[in-house]
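Everything on this sheet refers to the single structure shown next.
All values below come from the heavy atoms of this structure, side chains included, with hydrogens, waters and symmetry mates left out. First listed ligand is number 1; within each ligand, the first listed atom is number 1. Keep in mind that what you see is a predicted model, and the values were worked out from it rather than measured. For reference, positions follow the sequence shown, starting with 1.
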Amino acid sequence: MKILLLGKNGQVGWELQRSLAPLGELIALDRHVVGGLCGDLTNLDALRETIRQVRPGVIVNAAAYTAVDKAESEPELADCVNGQASRVMAEEAAALGAWLIHYSTDYVFSGQGSMPWQEADPVAPVNQYGASKLAGELAITASGCKHLIFRTSWVYGARGNNFAKTMLRLAKDRETLSVISDQIGAPTGADLIADVTALAIQQVMHSPQLAGLYHLAASGEVSWHGYACHVVGLAQSCGEQLAVKAINPIVTTAYPTPARRPLNSRLNTQKLRENFSLHLPDWQSGVTRMLTEVLNK
Ligand code: NDP
């Protein structure tokens, strides 16, 4: 089986290079042209041509426009990468009879309330990034291609920039940190997402009725403030020299950003766990593992 991976160097893409490798022949692209193949999601014609040339049995799309604040001033670009390119992949997957595996976000929801979002809950994105990711989801489902869409949240990886690493860096320089305490979600490892993806692909090949939309996040919940405290506490227990003496909780309204953020990023993962017989570990274990790797302890 041929697998075409797009966005191979993102947090999730990097881990997918590892987890997909045993499943088949992996053709992994970033945005550059290599051997006549183009993985640039702003070049829709070249993307279409690339899929026709490779003729994969599975397309895994880990590429995305993920700059949430910047998307407010670049909505067309966000829509092209997250919406239109997803449509092209879906159309080509449908024509080939291939599977399309795609990632989306809890930012398709309004962020209201405190219940974990279920797959069928009404969507109402509060920013351009969320709207562009929703456009991608809708294009895929409308295409009729065989697909899995995983909505995830608060992604981190040992490779790439993420909140935990930023907190670690700031904690080395500053005595006081102020971190948002009223946005709640579950930090989810790129490695977990990639492993679940590989397991789900294997199962869905034999049980195509499992196709569809799933919520994929680590278990448990925490605020960004609680997450920061966990990161700093762990670094201290590993003997890191940190300047930080206080981590103050602040509310979202005290930290204005170009893009609005949903307060409730909780995802209900029951459908994924039950349909694929999977266990999703708690967020702390994954974060601890990633930090141990980053701190080289
Ligand atoms: P990253 O930002 O780490 O990686 C995104 C990748 O997409 C990068 O390698 C980037 O390449 C690539 N990319 C961006 N624009 C283009 C383009 N025009 N053509 C080709 N490649 C492009 O994202 P994650 O791995 O964290 O995210 C994976 C998925 O999970 C995405 O669908 C995202 O929307 C979703 N998600 C992410 C969350 C998060 O917290 N990060 C939360 C919820 C969902 P380059 O480095 O060259 O820019």
Side-chain angles (χ1 to χ4, degrees), residues 4-19 28-34 37-47 50-51 59-71 74 76-86 88-89 100-109 111 117 125 127-137 139-140 147-166 183 185-194 196-197 213-218 224 227 259 261-262 265-267 283 286-287 290:
L4 176 61
L5 169 64
L6 296 149
K8 69 169 185 170
N9 289 326
Q11 297 190 93
V12 174
W14 180 253
E15 292 294 334
L16 283 166
Q17 289 193 54
R18 169 188 58 74
S19 72
L29 301 177
D30 60 16
R31 66 168 79 219
H32 302 106
V33 178
V34 179
L37 301 178
C38 173
D40 181 354
L41 273 56
T42 60
N43 191 341
L44 300 180
D45 290 339
L47 176 65
T50 293
I51 298 169
I59 302 168
V60 183
N61 178 28
Y65 182 107
T66 54
V68 175
D69 285 321
K70 227 171 150 196
E74 295 183 338
E76 292 87 7
L77 182 56
D79 183 65
C80 179
V81 175
N82 293 342
Q84 295 175 48
S86 305
V88 167
M89 287 178 220
L100 175 57
I101 318 299
H102 182 77
Y103 302 93
S104 190
T105 167
D106 68 275
Y107 278 26
V108 297
F109 294 116
W117 297 104
N127 57 40
Q128 293 290 347
Y129 167 72
S132 70
K133 293 298 292 183
L134 178 58
E137 287 187 10
I140 292 168
H147 66 269
L148 288 170
I149 299 173
F150 297 112
R151 285 187 188 138
T152 188
S153 70
W154 296 18
V155 177
Y156 64 84
R159 192 173 189 271
N161 293 319
N162 59 55
F163 174 84
K165 286 192 192 174
T166 303
Q183 292 174 25
T188 301
D191 52 353
L192 176 66
I193 295 170
V196 167
T197 300
L213 173 65
Y214 291 93
H215 288 176
L216 163 51
W224 291 113
Y227 184 8
R261 301 288 198 282
S265 284
R266 299 170 181 89
L267 290 174
W283 67 266
V287 170
M290 181 271 291

#### Entry: Location of contacts on K133 toward ligand 1, heavy atoms closer than 4.0 Å
side chain
### Query
Taking K70 for the side chain and A78 for the main chain, is one N or O donor matched with an acceptor at less than 3.5 Å?
no
### Task
Specify the closest pair of heavy atoms between N162 and V155, including all atoms of both residues, with the distance to one decimal.
CB-O, 4.2 Å
#### Entry: Heavy-atom nearest neighbour in the protein, as seen from atom 40 (O) of ligand 1, with distance rounded to 0.1 Å
V155 N, 3.0 Å
### Task
Taking atom types as modelled, find out whether T197 and Y103 have a side-chain donor-acceptor pair closer than 3.5 angstrom.
yes
### Query
What protein heavy atom sits nearest atom 5 (C) of ligand 1, and how far off is it?
A64 O, 3.7 Å
### Query
Donor-acceptor pair, T188 side chain versus A186 backbone, under 3.5 Å?
yes
### Message
Restricting to non-hydrogen atoms, name the atom on T42 and the atom on C80 that form the minimum distance, rounded to 0.1 Å.
### Response
CA-SG, 3.8 Å
### Query
In the protein, what heavy atom is nearest to atom 48 (O) of ligand 1, and what distance, to one decimal place, separates them?
R31 NH2, 2.7 Å
### Task
Verify the neighbour count for atom CG of N161: are there more than 12 heavy atoms of other residues, nucleotides or ligands below 6.0 Å?
no
### Interfacing atoms of ligand 1 (cut-off 4.0 Å, heavy-atom, N9)
9 (O)
#### Entry: S153, any N or O under 3.5 Å of ligand 1 N or O
no
### Query
Which residue holds the protein heavy atom closest to atom 4 (O) of ligand 1, what is that atom called, and what is the gap in Å?
G10 CA, 3.3 Å
### Task
Return yes when W14 approaches ligand 1 closer than 4.0 angstrom through a heavy atom, no otherwise.
no
## Note on the structure
Contact region, A85 to ligand 1, non-hydrogen atoms below 4.0 Å, reads neither
### Query
Hey, does the side chain of Q11 reach the backbone of A190 with a donor-acceptor pair shorter than 3.5 angstrom?
no
### Message
Could you check whether atom 25 (O) of ligand 1 has a protein contact, counting only heavy atoms that fall below 4.0 angstrom?
### Response
yes
## Note on the structure
Near W154 (heavy-atom distance under 4.0 Å), the atoms of ligand 1 are 40 (O), 42 (C)
### Query
Below 3.5 angstrom, do we get any N/O pair linking Y129 and ligand 1?
yes
### Query
Quick one: are the ring centres of W283 and W154 less than 6.0 Å apart?
no
### Message
Please check: side-chain N/O of H147 versus main-chain N/O of H102, any donor-acceptor pairing under 3.5 Å?
### Response
no
### Query
Looking only at heavy atoms of V81, does any of them come nearer than 4.0 Å to an atom of ligand 1?
yes
### Task
State whether the side chain of R151 and the backbone N or O of I149 hold a donor-acceptor pair below 3.5 Å, judged by distance alone.
no
### Query
Can you tell me the protein heavy atom closest to atom 18 (N) of ligand 1 and the distance?
D40 OD1, 3.3 Å
### Query
Which atoms from ligand 1 have a heavy atom of V12 less than 4.0 Å away?
25 (O), 28 (C)
### Query
Hey, does G13 come in under 3.5 Å of ligand 1, counting only N/O atoms on both sides?
no
### Query
Taking heavy atoms and a distance under 4.0 Å, where does F163 meet ligand 1: side chain, backbone, both or neither?
neither
### Message
I need the atoms of ligand 1 closer than 4.0 Å to a non-hydrogen atom of T42, numbered in the order shown.
### Response
18 (N)
### Query
Do any nitrogen or oxygen atoms of G7 lie less than 3.5 angstrom from nitrogen or oxygen atoms of ligand 1?
no
### Message
For S153 and D106, which I'm curious about, is there any donor-acceptor pair between the side chains at under 3.5 Å?
### Response
no
## Note on the structure
In ligand 1, the atoms that come under 4.0 Å of a heavy atom of Y103 are 29 (C), 30 (O), 32 (O)
### Task
Among all protein heavy atoms, pick out the one at the shortest distance from atom 3 (O) of ligand 1; state its residue, atom name and that distance to 0.1 Å.
Q11 N, 3.0 Å
### Side-chain (K8) to main-chain (Q17) donor-acceptor, under 3.5 angstrom
no
### Query
A67: heavy atom below 4.0 Å from ligand 1, yes or no?
no
### Task
Give a yes or no answer on whether the side chain of N82 reaches the backbone of G136 with a donor-acceptor pair at less than 3.5 Å.
no
### Query
Taking the six-membered ring for Trp, are the ring centroids of Y227 and F163 within less than 6.0 Å of each other?
yes
#### Entry: Heavy-atom nearest neighbour in the protein, as seen from atom 2 (O) of ligand 1, with distance rounded to 0.1 Å
T66 OG1, 2.6 Å
### Message
Is there a polar contact, in the sense of an N or O pair closer than 3.5 Å, between L41 and ligand 1?
### Response
yes
### Task
Please write down residue, atom name and distance for the protein heavy atom closest to atom 21 (N) of ligand 1.
A63 CB, 3.6 Å
### Query
Judged by non-hydrogen atoms, does G39 sit under 4.0 Å from ligand 1?
yes
### For the student: nearest non-hydrogen atoms of L77 and Y65, plus distance
CD2-CE1, 3.7 Å
